[in-house]
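One structure is given below, encoded as structure tokens.
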Amino acid sequence: MPELPEVETTVRGLKRTIVGHTINDVRVVGNSHKLLRSHEHGPFLEIVGGGRIEDVRRRAKNVIIDLDNQHSILIHMRMSGHLLVASSQYQVTSEGKWQVKGPTGNWQPTTGNSPFADPKNQFIRIVFELSDGIILALSDLRKFATVDLFNTNALAKHLEQKYGPDPLEKTFTLDWFSQELKRRKRTIKPLLMDQAFIAGVGNIYADESLWKAKVHPLTRSDALSQSDARALYSAIRAVLSKGIALGGTSDDDYRNVAGEKGKYGLTRMAYRRAGEKCARCNTVMKRMVVGQRGTSFCPHCQKKI
DNA sequence: ATTTAGACCTGTCAGC
DNA sequence: TGCTGACAGGTCTAAA
């Protein structure tokens, strides 16, 4: 998924639904062996079990769940992971599929239009059983997602040294951004996606930002003019804000905590639009590979410098 | 300092 | 219908 807008949408959903609840049990489904990256299941459960969820927040593309015992759970959803919250009417089978309580109290497969029947939500890898029967579950088709456990203070240092500024925070200023673009000699698209530079931009919003700012994805960062830098700075913030406002992009697996799709994909201007016409100039958009990532751009609007 | 290739996984879709 | 290859919201490591 999960770039900044998708993770932010998830975090906002979790704030409304799981804060204040206690973690009663943690169940890893099947052989999702590498999921709990820094802990075995036993020690993980030992620390997390009985913990009360104090807060849920985001840093870069990470979901952070703060407990009342000096520990924080760090979840990174990578490509296909997303978190779902269900009421006690639902349960997860040993195959990682959802079941819903039927009229006679029996468990049956989810069907029809229920978000919990969506095939993208049927790849549950870990289940957190919370107080009041609430379920927090991670669905992740590709099994790249990771769950880590940190001492909350240690986590702050870890995040600080690993990530650059969040483009929607005050620490991300135009002066700093344009200065850094000049100082570095990197290809602009991979630079925007470098989490140590700025945190939260991925393949979708990089393409969208470059298109909006009329910058070719292969431009060297130090070749950008001051006005290019300003355009890109504004574009990044506008595109990410719009992504959040529309609840993220769900062209692939991403779903919000209720299992529903985000709407950014319906209005995207560049991402996966190769072969379609540019919304600005009607030129047919092209696809190329940059930094091993599929990249769509308008060859007319986004000229290589 | 920066780029590239390969790994990690599983599913879908286009093309033959 | 069945197979094969390309492609998919990310990050990490090693090597050039």
Side-chain angles (χ1 to χ4, degrees), chain A residues 1-11 29-38 58-63 74-83 95-97 118-125 138-148 158-159 162-164 180-209 217-223 239-240 242-244 246-256 261-266 268 270-275 287-296:
Chain A
M1 87 148 100
E3 301 183 33
L4 189 153
E6 289 76 32
V7 181
E8 181 63 26
T9 301
T10 294
V11 163
V29 178
N31 63 335
S32 304
H33 44 287
K34 280 181 280 188
L35 179 65
L36 292 176
R37 193 159 53 174
S38 53
R58 178 184 63 76
R59 179 69 174 101
K61 300 173 189 170
N62 296 285
V63 173
L74 183 74
I75 301 176
H76 198 299
M77 307 190 262
R78 291 298 204 284
M79 293 290 254
S80 57
H82 53 280
L83 292 165
E95 270 71 52
K97 315 287 183 206
D118 183 336
K120 300 293 189 186
N121 295 330
Q122 309 296 319
F123 297 91
I124 308 301
R125 308 300 182 193
L138 170 73
S139 183
D140 181 28
L141 185 157
R142 294 179 72 181
K143 295 185 175 176
F144 288 159
T146 54
V147 177
D148 269 309
H158 171 79
L159 296 173
K162 187 166 179 175
Y163 295 110
E180 286 295 309
L181 292 182
K182 278 282 175 237
R183 189 175 72 75
R184 297 168 193 251
K185 304 169 194 325
R186 301 267 304 273
T187 308
I188 190 64
K189 182 174 174 184
L191 179 59
L192 293 182
M193 293 171 65
D194 181 345
Q195 304 300 296
F197 176 49
I198 53 174
V201 175
N203 206 29
I204 297 175
Y205 300 99
D207 276 6
E208 293 291 293
S209 300
L218 291 177
T219 311
R220 270 174 53 132
S221 61
D222 57 343
V239 157
L240 292 175
K242 188 176 177 188
I244 294 171
L246 294 180
T249 301
S250 293
D251 286 26
D252 289 308
D253 299 286
Y254 174 70
R255 299 294 184 269
N256 66 23
K261 293 183 179 185
K263 296 185 172 68
Y264 185 91
L266 304 174
R268 70 191 195 279
Y271 177 69
R272 287 196 203 174
R273 288 205 65 226
R287 179 183 191 277
M288 66 196 292
V289 175
V290 180
Q292 302 170 189
R293 310 304 301 274
T295 299
S296 301

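A donor-acceptor pair is defined here as one N or O able to donate and one able to accept, closer than 3.5 Å; such a pair exists between the side chain of A/Ser80 and the backbone of A/Arg142. Between the side chain of A/Gln195 and the backbone N or O of A/Val201 there is at least one donor-acceptor pair closer than 3.5 Å. Using a distance-only test at 3.5 Å, with no hydrogens or angles considered, no donor-acceptor pair links the side chain of A/Arg125 to the main chain of A/Gly30. In terms of modelled atom types and a separation under 3.5 Å, the side chain of A/Arg268 and the main chain of A/Gly265 share a donor-acceptor contact. At distances below 3.5 Å, at least one donor-acceptor pair connects side-chain atoms of A/Glu208 with backbone N or O atoms of A/Tyr271. Side chain of A/Lys61 to main chain of A/Glu3: no donor-acceptor pair is present (N/O by atom type, distance under 3.5 Å, no hydrogens or angles). Looking only at distances, a side-chain donor or acceptor of A/Asn203 sits under 3.5 Å from a matching main-chain atom of A/Gly294. Side chain of A/Arg272 to backbone of A/Ala274: no donor-acceptor contact under 3.5 angstrom is found.
C/dC7 and B/dG6 have their P atoms separated by 15 Å, given to the nearest Å. With both ends at atom P, the span from B/dC9 to C/dT4 equals 22 Å, rounded to whole Å. Atom P of B/dA5 sits at a distance of 15 Å from the matching atom of C/dA6, rounded to the whole Å.
Distance A/Lys162 NZ to C/dG10 P: 14 Å, rounded to the nearest Å. Separating the CG atom of A/Asp251 from the P atom of C/dC7 is a distance of 17 Å, rounded to the nearest angstrom. At whole-Å resolution of the value, NE2 in A/His158 and C1' in C/dT11 are 12 Å apart. Look at CD on A/Glu180: it is 15 Å from C1' on B/dT2, rounded to the nearest Å. Counting to the nearest Å, the C1' atom of C/dG10 and the CD1 atom of A/Ile204 are 12 Å from each other. Computed from coordinates, the A/Leu181 CG to B/dT2 P distance equals 12 Å when rounded to whole Å. Rounded to whole Å, the distance from CG on A/Asn62 to P on C/dT11 is 8 Å. If you take CG of A/Asp194 and C1' of C/dC12, they are 13 Å apart, rounded to a whole angstrom.
Distances shorter than 4.0 Å separate some side-chain N or O of A/Arg287 from OP1 or OP2 on C/dC7. Under 4.0 angstrom from either OP1 or OP2 of C/dG10 there lies no side-chain N or O belonging to A/Gln195. A sub-4.0 Å separation between OP1 or OP2 of C/dG10 and a side-chain N or O of A/His76 is absent.
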In sequence, state the C-alpha distance, the side-chain angles, and the governing distance for A/Leu218 and A/Met288, and then conclude on side-chain contact (heavy atoms from CB on, under 4.5 Å). CA-CA 10 Å; A/Leu218 291 177; A/Met288 66 196 292; 3.1 Å; yes

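Comparing C/dG10, B/dT2, C/dA8 against the side chain of A/Arg293 picks out C/dG10 as the nearest.
Salt-bridge formation is detected for the pair A/Arg186/A/Asp194: a Lys NZ or Arg NE/NH1/NH2 atom is positioned less than 4.0 Å from an Asp or Glu carboxylate oxygen. Under the 4.0 Å criterion applied to side-chain N and carboxylate O atoms, A/Asp207 and A/Lys189 are assigned as salt-bridge partners. Here A/Lys120 does not pair with A/Asp118 in a salt bridge; the nearest charged N to carboxylate O distance is not below 4.0 Å.
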In 5'-to-3' order, the base (B), backbone-only (S) or no-contact (-) status of each nucleotide in nucleotides 8-16 of chain B, using a 4.0 angstrom heavy-atom cut-off, is BBBS-----

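For DNA chain B, each stem of at least three Watson-Crick or G-U pairs (distances under 3.5 Å) is given as range with range: B:2-8 with C:10-16, B:10-16 with C:2-8.
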Produce the list of close N/O pairs, under 3.5 Å, pairing protein atoms with atoms of nucleotides 3-6 of chain B; give distances to one decimal.
residue	atom	partner	partner atom	Å
B/dT3	OP1	A/Thr187	N	2.9
B/dT3	OP1	A/Thr187	OG1	2.8
B/dT3	OP2	A/Arg186	NE	2.7
B/dA5	N7	A/Gln292	OE1	2.3
B/dA5	N7	A/Gln292	NE2	3.3

